[in-house]
There are 2 protein chains.
Amino acid sequence: MHNNLKKIGSELNPNVSVDCVIFGFDLEKLTVLVIDRGEISAENGPRLALPGNLIYDNENLDQAANRVLDELTGIKDIYLEQVGAFGDPFRIHKESDREWLKSIRAQPDARVITVAYFSLVKIEDYQPHPSSFAKNAEWTPVNELSELAFDHFEILQAAKEKLKQKIKIQPIGFNLLPEKFTLSQLHRLYESILDKPLDKRNFRRKIQKLNILSNLKEKQRGVPHKPSSLYEFNEEKYQELTQMGFDNFGF
Amino acid sequence: MHNNLKKIGSELNPNVSVDCVIFGFDLEKLTVLVIDRGEISAENGPRLALPGNLIYDNENLDQAANRVLDELTGIKDIYLEQVGAFGDPFRIHKESDREWLKSIRAQPDARVITVAYFSLVKIEDYQPHPSSFAKNAEWTPVNELSELAFDHFEILQAAKEKLKQKIKIQPIGFNLLPEKFTLSQLHRLYESILDKPLDKRNFRRKIQKLNILSNLKEKQRGVPHKPSSLYEFNEEKYQELTQMGFDNFGF
DNA sequence: AGTCTTTGTGTCATTTTTACACTATCCAAA
DNA sequence: TTTGGATAGTGTAAAAATGACACAAAGACT
């Protein structure tokens with residue numbers, strides 16, 4: 001039997017961690033916050049990794065994900081959704097990962113299950129500072145990543161897919177845009193997430209018919225071309241829609 | 001620090017378990033395999049629970065789910081898909097649950113994370129026998145369940161939702177039907193999963209247009225009404241479809 | 001005044017969806 | 001052998017959604 005059993009308390013649980021795929025949108029493409037583990041941990045294996053940490057025994061999984069997010073970016077109350085659990089028995093076992101593991105207080109030999117979340121952040125709400133707690137975090141375009149440490153690349157793929165499916169069903173994309181945005185920005189966002197071109201006029205028609213945007217009587221300023229009018233997401237109108245059983249945006 | 005750390009081995013991991021929502025279809029409604037924990041464990045809290053168990057440190061999550069399924073039903077190579085991870089810190093803590101927990105070798109005070117899976121089983125492939133290993137397992141119509149032990153009811157809801165979304169994207173329903181089935185059976189299956197009525201003629205037209213069914217030149221026998229012709233799912237034709245980027249059944 | 005860049009808009013042909021009702025076939029019971 | 005009961009199987013027309021496609025308008029900059 002197990003005499004090494006942990007009691008419930010506020011200690012870190014050495015067997016379960018949370019990793020976050022934090023998506024942003026730079027108005028051109030979808031980006032992810034990745035952290036640079038530095039040279040020490042990267043003698044073999046990629047330097048870049050998703051932010052994550054072990055969970056405490058007195059918090060639930062959602063709380064743990066929120067905490068990781070808060071610790072890294074200082075933002076609270078962010079759109080967050082679970083992607084799933086990952087964990088092959090021997091995945092964290094390379095000698096070269098030991099230093100890194102110590103830094104997040106994990107035990108190199110432990111068998112760790114990771115619960116992955118994705119979150120949607122307005123990129124303006126977090127600009128990494130060299131002097132901040134997470135001095136080595138950086139927004140990186142999703143499509144420029146081809147590898148990540150541990151199984152984080154696999155997690156990223158799963159998160160992208162989940163986001164893609166989810167946005168067909170709920171208008172969560174607004175979490176990635178400023179409060180006031182243009183239809184073109186929304187258009188580019190959907191193209192980035194769905195990873196395919198969408199006809200401009202058909203996209204605008206479809207979105208407008210849903211009637212979940214408020215057209216602010218306000219225009220872009222300072223752009224070197226015809227200014228676009230600005231819109232706002234209208235939560236109330238969206239609630240009306242869902243209460244009528246609507247759950248398909250038809251993308 | 002943690003001196004109670006487990007080394008990787010073939011021991012049970014006291015912190016992570018797997019629960020399975022095993023769906024079946026009795027040709028009328030969607031059912032789930034639930035087990036009766038008996039009176040001992042049910043002094044307070046529902047007797048019925050989902051099958052599950054702790055994972056071993058030398059198996060991955062999918063393997064653990066397959067093992068739980070095999071241990072309960074003896075069936076292997078079944079459709080299986082992860083629903084997600086669940087786990088509030090203090091959820092397993094009632095005195096009355098202790099006996100039950102011991103029976104699956106969990107530690108009553110441990111903080112357990114559960115990874116939930118759902119699986120699809122041809123109901124004919126598993127008929128619970130009173131004498132079998134899982135003598136208290138039973139197919140129960142999904143809609144007749146209003147509570148389950150622990151957080152299993154929440155897990156069941158999540159699994160139903162996941163199944164509902166998934167079947168709009170992939171024709172996984174065939175895993176719930178006999179090899180040879182009628183269009184009416186398929187129709188009732190979709191209505192059960194989507195939990196809404198579907199027009200008969202429109203359903204048949206939609207399915208037939210997909211061209212992923214083979215019409216066997218064979219009819220039902222022994223039914224007290226006009227016999228239906230039998231169909232088979234055609235994997236090859238479905239593969240052709242997906243390779244053309246098809247991923248929306250339009251339900 | 002002219003150029004550059006992005007916005008914003010309409011139509012038409014095709015496809016998809018929805019709503020809807022009656023005949024055909026088999027079994028069983030009279 | 002006739003009849004009743006039950007489910008299978010089928011078509012159409014109207015409405016809605018989709019997909020393809022091109023050009024004028026607005027402002028910034030030179």
Side-chain angles (χ1 to χ4, degrees), chain A residues 25-29 167-169 171 177-178 180-192 194 196-232 241 244-251, chain B residues 25-29 168-169 177-178 180-192 194 196-232 241 244-251:
Chain A
F25 180 62
D26 64 9
L27 302 186
E28 280 298 327
K29 32 197 167 20
I167 208 176
K168 296 177 179 179
I169 289 176
L177 290 172
K180 303 173 179 181
F181 53 87
T182 71
L183 290 182
S184 297
Q185 290 165 356
L186 189 62
H187 181 204
R188 278 193 289 273
L189 174 60
Y190 271 75
E191 288 187 324
S192 304
L194 299 173
K196 70 178 179 194
L198 301 171
D199 180 85
K200 179 167 64 158
R201 283 183 283 194
N202 295 340
F203 175 81
R204 294 165 92 99
R205 174 167 31 134
K206 182 173 288 186
I207 290 290
Q208 308 244 35
K209 182 149 17 149
L210 293 175
N211 200 36
I212 55 174
L213 296 187
S214 304
N215 185 343
L216 304 171
K217 301 262 147 72
E218 191 182 347
K219 289 189 181 301
Q220 273 184 317
R221 296 212 32 120
V223 286
H225 54 71
K226 178 174 177 179
S228 174
S229 57
L230 293 168
Y231 292 80
E232 222 176 31
L241 254 197
M244 300 172 116
F246 180 88
D247 73 336
N248 187 351
F249 284 79
F251 287 107
Chain B
F25 181 62
D26 65 9
L27 301 187
E28 280 299 328
K29 31 197 168 18
K168 296 177 179 179
I169 290 177
L177 291 171
K180 302 173 179 182
F181 53 86
T182 72
L183 289 182
S184 297
Q185 290 165 355
L186 190 62
H187 182 206
R188 280 194 288 274
L189 174 60
Y190 271 75
E191 289 187 323
S192 303
L194 299 173
K196 70 179 181 196
L198 301 172
D199 180 85
K200 179 167 62 158
R201 283 183 282 194
N202 295 340
F203 175 82
R204 293 166 91 99
R205 172 157 36 111
K206 182 173 289 186
I207 289 290
Q208 308 243 36
K209 181 149 20 149
L210 292 175
N211 199 36
I212 55 175
L213 296 187
S214 304
N215 186 343
L216 305 171
K217 301 260 147 75
E218 192 181 347
K219 289 188 180 299
Q220 273 183 318
R221 298 214 28 123
V223 288
H225 54 72
K226 176 174 177 178
S228 174
S229 57
L230 293 168
Y231 292 80
E232 222 177 31
L241 254 194
M244 299 172 116
F246 181 89
D247 72 339
N248 186 352
F249 284 80
F251 287 106

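In what follows, chains are A, B, ... by sequence order, proteins preceding strands, each numbered from 1. FYI, side chains are in, hydrogens and waters are out, and symmetry mates aren't considered; it's all heavy atoms of this structure.
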Note to self: Starting the side chain at C-beta, find the nucleotide from C/dT17, D/dC21, C/dT9 nearest to B/Arg205.
What the structure shows: C/dT17
Note to self: How many whole angstroms separate atom CG of A/Leu198 from atom C1' of D/dA20?
What the structure shows: 14 Å
Check: Between atom CZ in B/Phe181 and atom P in D/dA8, what is the gap in whole Å?
Finding: 14 Å
Check: Between atom CZ in A/Phe251 and atom C1' in D/dA17, what is the gap in whole Å?
Finding: 13 Å
Notebook entry, point to check: Cationic tip of B/Lys196 within the cone over B/Phe251's six-membered ring, i.e. under 6.0 Å and within 45° of the normal?
Noted result: no
Check: Looking at NE2 of B/His187 and CZ of B/Arg201, how far apart are the two atoms once the value is rounded to the nearest 0.5 Å?
Finding: 11.5 Å
Notebook entry, point to check: Nearest-Å distance, CD1 (B/Ile207) to C1' (D/dA8)?
Noted result: 17 Å
Next item on the list: Measure the distance from NZ on B/Lys206 to P on D/dT10 and round it to the nearest whole Å.
Entry: 19 Å
Next item on the list: State which residues pass salt bridge (charged side-chain N to carboxylate O under 4.0 Å, His left out) with A/Lys168; sequence neighbours excluded, sorted by chain then number.
Entry: B/Asp247
Margin query: Using side-chain contact (heavy atoms from CB on, under 4.5 Å), reason through B/Leu213 and B/Phe181 one step at a time and then give a plain yes or no.
Written below: CA-CA 10 Å; B/Leu213 296 187; B/Phe181 53 86; 3.9 Å; yes
Item checked: Interatomic distance where CD belongs to B/Gln220 and C1' belongs to C/dC26 [whole Å] -> 11 Å
Check: Taking all atoms of both residues into account, what is the closest heavy-atom pair of A/Ile169 and A/Phe249, and its distance?
Finding: O-CE1, 3.3 Å
Notebook entry, point to check: Is there a residue in residues 224-231 of chain B whose heavy atoms reach under 4.0 Å of DNA chain C, and which residues are they?
Noted result: B/Pro224, B/His225, B/Lys226, B/Pro227
Next item on the list: Go through D/dA22, C/dA19, D/dC21 for me and flag the one nearest to the A/Lys200 side chain.
Entry: D/dA22
Notebook entry, point to check: Taking for each residue the nucleotide of DNA chain C bearing the nearest heavy atom, is the 5' side occupied by B/Gly250 or by B/Lys219?
Noted result: B/Gly250
Next item on the list: Select base, sugar-phosphate, or nothing to describe what B/Ser184 touches, counting heavy atoms under 4.0 Å on all strands.
Entry: sugar-phosphate
Next item on the list: Ignoring backbone atoms, establish whether B/Arg204 has a side-chain N or O less than 4.0 Å from OP1 or OP2 of D/dT10.
Entry: no
Margin query: Working note: A/Gln208 + A/Tyr231, criterion side-chain contact (heavy atoms from CB on, under 4.5 Å); need CA distance, chi angles, decisive distance, verdict.
Written below: CA-CA 11 Å; A/Gln208 308 244 35; A/Tyr231 292 80; 4.1 Å; yes
Notebook entry, point to check: Over how many whole Å does the gap from A/Arg201 atom CZ to C/dT11 atom P extend?
Noted result: 11 Å
Note to self: Give me each pair satisfying side-chain hydrogen bond (donor to acceptor under 3.5 Å, both in side chains) with a member in residues 218-229 of chain A, each pair once, sequence neighbours excluded.
What the structure shows: A/Lys180-A/Glu218
Notebook entry, point to check: Rounded to whole angstroms, how far apart are CZ on A/Phe203 and P on D/dT18?
Noted result: 13 Å
